Amino acid sequence: MWIITAHSKNNIKMFEFDTEKEAKEAFGRIQGYKILTNVIYFNDYCFVDS
């Protein structure tokens, strides 16, 4: 999951994306100070080594 946190004068908005490509495309369109974060859940079985 990818999260963009955007800060403006009196607001903080968070946008959630499934793919890095979607997040990076939206990142350029969002106004204000912004942070792009990749969230990894370690309890997701796709990330666990057997």
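When a residue number appears, it is its place in the shown sequence, counting from 1. Note that the structure is a prediction, hence the values are computed from the model and not measured.
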In chain order, what residues pass the side-chain contact (heavy atoms from CB on, under 4.5 Å) check against Ser8, with sequence neighbours excluded? Asn11
For the atom pair CZ (Phe15) and CG (Leu36), what is the distance rounded to the nearest 0.5 Å? 12.5 Å
Is it the case that one hydrophobic cluster holds both Met14 and Val39, taking links as side-chain heavy atoms less than 4.5 Å apart, direct or via other members? yes
How long is the span from the CZ atom in Phe27 to the CZ atom in Phe17, to the nearest 0.5 Å? 10.5 Å
With sequence neighbours left out, which residue pairs that include part of residues 21-42 fulfil the salt bridge (Lys or Arg N to Asp or Glu O under 4.0 Å) condition? Glu20-Lys24
Check Ala6 against Ile30 and note the closest heavy-atom contact, atom names and distance. CB-CG2, 3.8 Å
By the rule that ILVMFWY residues connect when side-chain heavy atoms come within less than 4.5 angstrom, directly or transitively, which residues belong alongside Ile35? Tyr33
I need the Thr5 OG1 to Ile12 CD1 distance, nearest 0.5 Å. 8.0 Å
